[in-house]
K.L.:
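First, the structure itself, so that you have it in front of you.
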Amino acid sequence: MPELLANLNPEQHAAVTLPNEPALILAGAGSGKTRVLITRIAWLIQQGLASPMTILAVTFTNKAAREMMSRLQAMMPIDTRGMWIGTFHGLCNRMLRAHYRDAGLPQTFQILDTADQLSAIKRLMKGLNVDDEKYPPKNLQYFINNAKEQGLRPKDVDVTDNFNRKFVELYEAYDQQCQREGVVDFAELLLRCYELLAHNPPLRAHYQARFRDILVDEFQDTNKLQYAWLKLLAGEGNAIFAVGDDDQSIYAFRGANVGNMRDFENEFRVKHMIKLEQNYRSHGHILDTANHLIAHNSRRLGKNLRTDAGHGEPVRVYEAATDSQEAGFIVEEIRALIAQGMARHEIAILYRSNAQSRTIEHTLVNGGIPYKVYGGLRFFERQEVKHALAYLRLIDNPNDDTAFSRVVNFPARGIGARSIEQLADAARLYNCSMAAAIPYVTGKAGTTLGSFANLVAKMRAETAQLSLPETVEYTVRLSGLAEFYQGEREGQDRLENLQELVNAATAFVSEQGYGMDTPARSIPLRPGASNAPEIVSQDGEIEVLDAPTLTDPAQNPDVMTPLAGFLSHASLEAGDNQAQAGQDAVQLMTVHAAKGLEFSAVFITGLEEGLFPHENSAMEADGLEEERRLMYVAITRAKERLYLSFAQSRLLHGQTRYNVRSRFFDELPTETLKWLTPKVEAGARWGGRSDNAGWGRDWFSRGGNGGGGNSGGSRERDAYVADKTPLPNFANEQRAAEAGFRVGQDVFHTKFGEGKITALEGSGTDAKAQVRFKRHGEKWLALAVAKLQAVD
DNA sequence: AGGGACATGTTTTTT
DNA sequence: ACATGTCCCT
């Protein structure tokens with residue numbers, strides 16, 4: 001084996017060769033984090049300190065897990081497939097499959113993705129006659145997921161008011177519905193696995209005895225439940241090797257808790273904290289720019305990146321009059337970079353929100369520059385694919401009402417809303433699934449439903465012995481989906497995707513190492529492997545642990561059928577998030593999507609107050625700091641060239657917005673920046689006229705307002721002002737004239753409700769009021785815009 | 001059941 | 001601007 005530790009720098013070397021004790025590795029952007037993680041695993045095994053069996057390595061994305069496995073495989077001759085390397089959800093799924101009985105799940109339990117979950121919730125609420133205007137299904141979904149991620153079951157949630165009580169009630173009903181249907185949502189995978197271990201001491205002891213080394217990637221992104229899960233697995237004696245970067249924590253909005261890093265340090269009494277600060281990616285000016293910016297955040301664990309590369313090019317800054325002019329500049333600059341020999345895929349255009357891509361795409365098309373947009377619908381999320389999967393799910397588990405509702409009348413077979421309602425009523429009455437309730441529905445509805453039941457039964461019978469790809473192909477055909485899309489004018493792409501689903505099934509079978517004719521719906525027997533999936537008996541005793549036929553999932557992953565495995569795969573790994581592959585193309589994506597990637601040249605666009613930092617971030621605690629970290633992530637993606645741009649006006653949501661440049665410019669060093677347009681000092685703008693050419697419109701005129709077009713219901717917008725920094729968007733003179741407010745006055749706001757004015761500032765169109773709302777806390781509002789009414 | 005009018009929402013996203 | 005959802009009509 002080649003020398004594992006060769007070419008590691010001293011910090012990396014130290015991290016890789018730490019003893020089996022809790023460790024926190026603060027890995028800066030571009031510091032060789034993944035390399036350290038993988039080399040650590042290889043080193044532990046090589047030194048005999050661990051075996052592939054005793055290691056558990058967890059990531060957030062399938063991509064990261066795959067990379068870890070393949071690079072590890074390349075580093076040493078071991079079969080990584082049997083190892084416990086995967087995402088939190090993937091590993092929990094694996095554990096639940098192995099111990100489904102102890103977890104209280106049916107063997108063929110299926111996984112609801114976000115869309116499935118929402119439709120399950122809507123169906124639930126409909127059945128219970130809940131007003132979905134008062135209790136929006138999306139909010140309930142958020143409430144449920146949030147509670148689960150805090151480790152809270154309905155009984156654990158604090159009931160503060162009636163509104164809350166209803167949500168808790170619905171949460172409980174939702175869990176019951178899922179249980180009845182044999183499905184689990186994403187958060188449930190984690191919570192159920194956590195509870196499985198927490199409530200089953202022998203099982204917990206088994207896994208604790210086994211996973212002596214737990215490695216966690218992107219630790220800053222873990223949520224409370226994931227942290228608790230790790231803690232449970234670690235027990236008293238096992239070592240967690242956590243790698244992360246608090247400065248790159250950008251997922252607080254989905255529950256990530258950076259505080260876990262500090263908690264980990266304290267609760268595990270971490271003795272080994274190593275900072276990887278040597279950066280191998282960016283030139284000096286770029287790194288200095290990033291360091292300078294992030295220094296404005298408080299409560300950092302503290303880190304400063306350095307590089308041996310020279311200063312390199314300065315960071316170029318461009319101020320455009322409009323968003324299309326900004327795009328024009330970028331396209332010209334890209335043209336020049338390409339002419340200098342830079343590959344197109346080494347160039348990235350980053351933006352804060354997806355809506356910004358349109359103008360840029362438009363300009364790229366006109367300029368004839370190939371590009372790829374990341375984000376958007378993924379393969380397994382496509383309508384036709386989800387339909388086909390729903391049929392497969394019904395074959396596997398007739399009680400899956402989510403799948404049932406999806407396809408009971410697709411393709412259309414004369415089963416209308418009325419019939420489905422009748423069926424749902426019957427199902428509720430007999431407390432059974434919709435499929436099981438079909439015999440109770442009488443009349444014409446009963447007949448048509450009966451023929452659907454026969455169809456599914458026929459599909460189930462005829463696919464009993466078929467392989468997975470055959471099953472998929474058969475399902476697509478018999479369901480009528482193929483025929484339906486053949487008849488559609490724009491169905492060609494969808495047909496191709498259905499064919500692609502058959503290919504995906506073939507690929508899955510081969511990846512899993514099954515024989516191609518392994519029946520899709522029986523648990524495959526491999527030579528030497530036993531298939532008894534339980535190792536814990538009903539009364540909690542572990543029976544087979546020491547037996548020669550040990551059914552450790554790591555040795556025998558076949559605890560589910562190929563079909564169940566494929567369906568899990570489809571839920572857990574929704575497929576590529578990338579547009580058409582193919583030719584060398586410029587890369588377009590959000591800053592979030594760029595995390596973990598690197599490019600020779602990076603354009604960070606739309607650096608305007610309200611956009612980046614995003615205006616909504618002001619509503620959240622520490623929102624601005626997260627935006628700053630986001631900016632930090634964006635900057636550190638660049639290897640050689642970095643461009644920052646912003647526009648004075650921009651078309652957004654059909655209206656022209658006038659923005660000032662992002663406050664982040666005031667937080668960057670002046671030495672590393674090169675302004676391609678004259679730098680206008682902050683404040684000059686508010687004084688009145690900027691002498692900048694191309695400044696065509698009035699600051700406070702509203703694009704489209706009064707310009708004819710829509711009558712009557714023109715929609716108003718609130719400018720919410722954070723940190724007392726005025727956002728000049730959507731100002732409106734007429735309104736300001738009406739303003740005659742005083743401090744202490746009771747006011748009413750259409751969105752935030754009742755409140756009291758606590759402070760006033762500015763005058764005219766610039767007037768702002770601070771209002772303490774009863775339900776929404778204290779906010780600064782631009783009087784020119786906010787629909788604030790005096791209440792007396 | 002399917003289509004047109006009308007309303008509504010629009011930060012970021014993985015599993 | 002634009003996409004998606006809802007309602008109501010045929």
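The figures that follow rest on heavy atoms only: side chains count, while hydrogens, waters and symmetry mates do not. Per chain, numbering begins at 1; letters A, B, ... match sequence-line order.
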K.L.:
Report which part of the nucleic acid A:T114 touches: base, sugar-phosphate, or nothing (heavy-atom distance under 4.0 Å, all strands).
P.N.:
base
K.L.:
Which part of the nucleic acid, if any, lies within contact of A:D221, taking any heavy atom under 4.0 Å across all strands shown: a base, the sugar-phosphate backbone alone, or nothing?
P.N.:
nothing
K.L.:
Are any of A:N354's side-chain N or O atoms less than 4.0 Å away from OP1 or OP2 of B:dT12?
P.N.:
yes
K.L.:
Measure from the ring centre of A:F253 to the centre of the six-membered ring in the base of B:dT12, then say whether that distance is under 5.5 Å and the planes meet at under 30°.
P.N.:
yes
K.L.:
Measure the distance between the ring centre of A:H614 and the centre of the six-membered base ring of B:dT11, then answer whether it is under 5.5 Å with planes under 30°.
P.N.:
yes
K.L.:
Within the 4.0 Å heavy-atom criterion, would you say A:F88 contacts the bases, only the backbone, or no part of the nucleic acid?
P.N.:
nothing
K.L.:
In chain order, what residues pass the side chain to side chain contact (heavy atoms under 4.5 Å, CB included) check against A:D113, with sequence neighbours excluded?
P.N.:
A:A115, A:D116, A:F186, A:K386
K.L.:
Can you name the residues that form a ring pair (Phe, Tyr, Trp, His ring centres under 6.0 Å) with A:Y227, not counting sequence neighbours?
P.N.:
none
K.L.:
At under 4.0 Å between heavy atoms, what does A:E620 touch on the DNA or RNA strands: base, sugar-phosphate, or nothing?
P.N.:
base
K.L.:
Residues in side chain to side chain contact (heavy atoms under 4.5 Å, CB included) with A:E195, at least two apart?
P.N.:
A:R153, A:L191, A:R192, A:H199
K.L.:
Do you see a donor-acceptor pair shorter than 3.5 Å between the side chains of A:Y174 and A:D185?
P.N.:
yes
K.L.:
Applying salt bridge (charged side-chain N to carboxylate O under 4.0 Å, His left out) as the test, list every pair that has at least one member in residues 133-145 of chain A; sequence neighbours left out.
P.N.:
none
K.L.:
So what does A:D113 hit on the nucleic acid, given a heavy-atom distance under 4.0 Å: a base, only sugar-phosphate, or nothing?
P.N.:
nothing
K.L.:
Strictly below 4.0 Å: does A:R254 bring a side-chain N or O up to OP1 or OP2 of B:dT15?
P.N.:
no
K.L.:
Check the distance between C:dA3's C1' and A:R358's CZ and give it to me in whole angstrom.
P.N.:
12 Å
K.L.:
Would you tabulate the nitrogen or oxygen pairs shorter than 3.5 Å linking the protein to nucleotides 1-7 of chain B?
P.N.:
residue	atom	partner	partner atom	Å
B:dA1	OP1	A:N409	ND2	3.3

K.L.:
Rounded off to whole Å, could you give me the CD1-to-P distance for the A:I144 and B:dT15 pair?
P.N.:
22 Å
K.L.:
For atom CD of A:Q383, decide whether the heavy atoms of other residues, nucleotides or ligands shown that lie under 6.0 angstrom number more than 12.
P.N.:
yes
K.L.:
Would you mind reading off the distance between A:L611 atom CG and B:dT10 atom P, rounded to a whole angstrom?
P.N.:
16 Å
K.L.:
Who are the side chain to side chain contact (heavy atoms under 4.5 Å, CB included) partners of A:S571, not counting sequence neighbours?
P.N.:
A:I111
